[in-house]
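Please read the structure below before turning to the comments.
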Amino acid sequence: APFYYLPSTAADNPYISDEVRDAWKNLPDAEYERFVMGSWEFTDDPDQLFQAEWILNARGAEPIMGVPRLAIDPARFGDDESTFCRLSGNTLVSLEAYAKIDTNRQADIGMALASNTEDPINGEDIRIDTVGVGGGVADAMTARNWQITEVIAGGKAWRRRDSYFKFKNVRSQMWWEGAEKFRLGLCPLPEEIPPRLFADLVSMRYKISADRMVEVEPKDKIKLRIGRSTDWADAYLMALLDPPYTGRPQRVNFSTVGI
């Protein structure tokens with residue numbers, strides 16, 4: 001019997017939820033044409049940090065359970081969302097976002113997530129972006145005797161034992177090092193990749209100067225370009241970021257650290 005090829009796209013799938021279809025609208029134009037409309041003539045932007053194939057291939061990466069980490073990217077009463085990411089080793093455990101909640105509520109959610117594990121998360125393994133409203137979340141948690149690590153996205157990059165590249169700030173470092181882990185297939189993602197996480201990751205652009213300084217797009221500029229913040233990816237990559245190199249073999253346990 002003859003065979004017929006009936007072209008179809010992801011948009012033709014009747015089982016895809018409205019939530020996923022809405023998330024597609026946040027994809028960059030090239031990614032929308034390729035993965036939703038099936039037009040593979042579109043190629044990755046040369047300044048795009050995360051290649052789409054790396055993210056899709058992460059569905060087959062090996063999960064390695066290990067030290068639990070929690071990252072909180074706070075927001076308050078605006079378009080941004082307060083985002084919470086929990087990892088075990090290299091494996092995504094949960095990624096959730098809330099709109100328009102105050103600092104005390106964000107602290108409550110963070111403490112609940114940190115407690116909801118066989119090995120409570122503490123110290124250097126709780127990361128909070130303390131720029132702006134995040135300082136209030138950190139204060140609320142430390143006032144209740146929780147240890148946290150402050151992450152100042154625009155501050156000096158975390159120390160590494162050796163690195164060919166330099167980084168403009170912590171934000172550039174966490175995005176670049178996260179992208180390298182995806183390129184090497186070290187970060188497993190679920191079969192159903194959260195659409196917002198995918199859209200955030202492929203949205204980032206970067207540049208490298210002559211002195212090997214890596215700089216990613218600042219948060220205000222990417223928000224202006226794509227119409228929203230990359231909250232989901234920021235929280236995920238903050239959790240994924242390796243601790244600073246201390247020169248000591250033992251793990252460091254500190255109350256608050258301004259990076």
Side-chain angles (χ1 to χ4, degrees), residues 49-50 54-75 81-98 106-130 134 137-138 141 146-153 157-158 160 170-202 204 229-246 251-254 257 259:
L49 181 57
F50 275 80
W54 301 349
I55 305 169
L56 294 173
N57 290 341
R59 294 175 297 182
E62 180 184 2
I64 302 174
M65 309 304 283
V67 174
R69 288 182 188 162
L70 172 66
I72 305 174
D73 185 30
E81 294 179 309
S82 301
T83 313
F84 302 78
C85 179
R86 194 154 62 92
L87 300 182
S88 176
N90 69 346
T91 305
L92 177 62
V93 175
S94 65
L95 184 57
E96 50 196 71
Y98 301 83
Q106 292 178 59
D108 288 339
I109 295 171
M111 290 183 289
L113 288 170
S115 301
N116 187 24
T117 176
E118 294 180 359
D119 300 312
I121 309 171
N122 218 335
E124 76 266 32
D125 297 315
I126 298 178
R127 286 95 179 268
I128 302 177
D129 182 350
T130 55
V137 179
M141 291 185 66
W146 280 85
Q147 295 178 316
I148 61 97
T149 293
E150 295 183 34
V151 177
I152 300 176
W158 289 11
R160 293 291 180 249
V170 171
R171 175 175 169 81
S172 297
Q173 182 179 32
M174 76 180 190
W175 273 88
W176 177 270
E177 292 183 354
E180 278 297 283
K181 290 178 180 179
F182 269 80
R183 183 180 68 83
L184 297 171
L186 302 177
C187 298
L189 288 177
E191 188 65 29
E192 294 293 330
I193 300 173
R196 176 62 187 276
L197 177 61
F198 184 97
D200 281 1
L201 291 174
V202 297
M204 180 56 71
S229 292
T230 53
D231 302 317
W232 287 49
D234 287 333
Y236 173 67
L237 295 172
M238 194 193 317
L240 200 62
L241 184 64
D242 292 327
Y245 174 69
T246 64
R251 289 180 57 180
V252 185
N253 196 13
F254 35 75
V257 175
I259 305 299

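None of these values were measured; they are calculated from a predicted model.
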Taking the side chain from [X] and the backbone from [Y], do they hold a donor-acceptor pair closer than 3.5 Å?
{"X": "Arg69", "Y": "Arg127", "result": "no"}
{"X": "Gln106", "Y": "Ala75", "result": "yes"}
{"X": "Asp231", "Y": "Thr83", "result": "no"}

Using the side chain to side chain contact (heavy atoms under 4.5 Å, CB included) rule, take Thr130 and Ile152 through it: C-alpha gap first, then chi angles, then the decisive distance, then the call. CA-CA 6 Å; Thr130 55; Ile152 300 176; 3.8 Å; yes

With a 4.5 Å cut-off on side-chain heavy atoms, are [Y] and [X] touching?
{"X": "Leu92", "Y": "Leu189", "value": "yes"}
{"X": "Phe50", "Y": "Asp200", "value": "no"}
{"X": "Cys187", "Y": "Asn90", "value": "no"}
{"X": "Ser115", "Y": "Trp146", "value": "yes"}
{"X": "Ile121", "Y": "Leu113", "value": "no"}

If you look at every heavy atom in [X] and [Y], which pair is closest and at what distance?
{"X": "Ile64", "Y": "Thr91", "value": "N-OG1, 3.5 Å"}
{"X": "Ile72", "Y": "Met141", "value": "CD1-SD, 4.2 Å"}
{"X": "Ala58", "Y": "Phe182", "value": "CB-CE2, 3.7 Å"}
{"X": "Trp158", "Y": "Pro244", "value": "CE3-CD, 3.3 Å"}
{"X": "Pro74", "Y": "Val137", "value": "CB-CG2, 3.9 Å"}
{"X": "Ala138", "Y": "Ile148", "value": "CB-CD1, 3.9 Å"}

Among Pro68, Ser88, Cys85, find the one that has a side chain to side chain contact (heavy atoms under 4.5 Å, CB included) with Val93. Ser88

Yes or no on side chain to side chain contact (heavy atoms under 4.5 Å, CB included) for Leu241 and Trp175, after CA distance, side-chain angles and deciding distance? CA-CA 9 Å; Leu241 184 64; Trp175 273 88; over 6 Å; no

Could you tell me the separation between the CG atom of Leu240 and the CG atom of Leu186, rounded to the nearest 0.5 Å?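 It comes to 9.0 Å.
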
Point-to-point distance, once rounded to the nearest 0.5 Å, from CD of Gln147 to OG1 of Thr149: 8.5 Å

Go through the steps to decide whether Trp232 and Leu201 satisfy the test side chain to side chain contact (heavy atoms under 4.5 Å, CB included), and finish with yes or no. CA-CA 9 Å; Trp232 287 49; Leu201 291 174; over 6 Å; no

Taking only residues two or more places apart in sequence, or in another chain, which ones meet Asp234 in a salt bridge (charged side-chain N to carboxylate O under 4.0 Å, His left out)? Arg171, Lys219

With Glu180, which residues qualify under salt bridge (charged side-chain N to carboxylate O under 4.0 Å, His left out), at least two apart?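 For Glu180 the salt bridge (charged side-chain N to carboxylate O under 4.0 Å, His left out) partners, ignoring immediate neighbours, are Arg183.
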
Report the residue from Gln173, Arg160, Lys181 that forms a side chain to side chain donor-acceptor pair (under 3.5 Å) with Asp242. Lys181

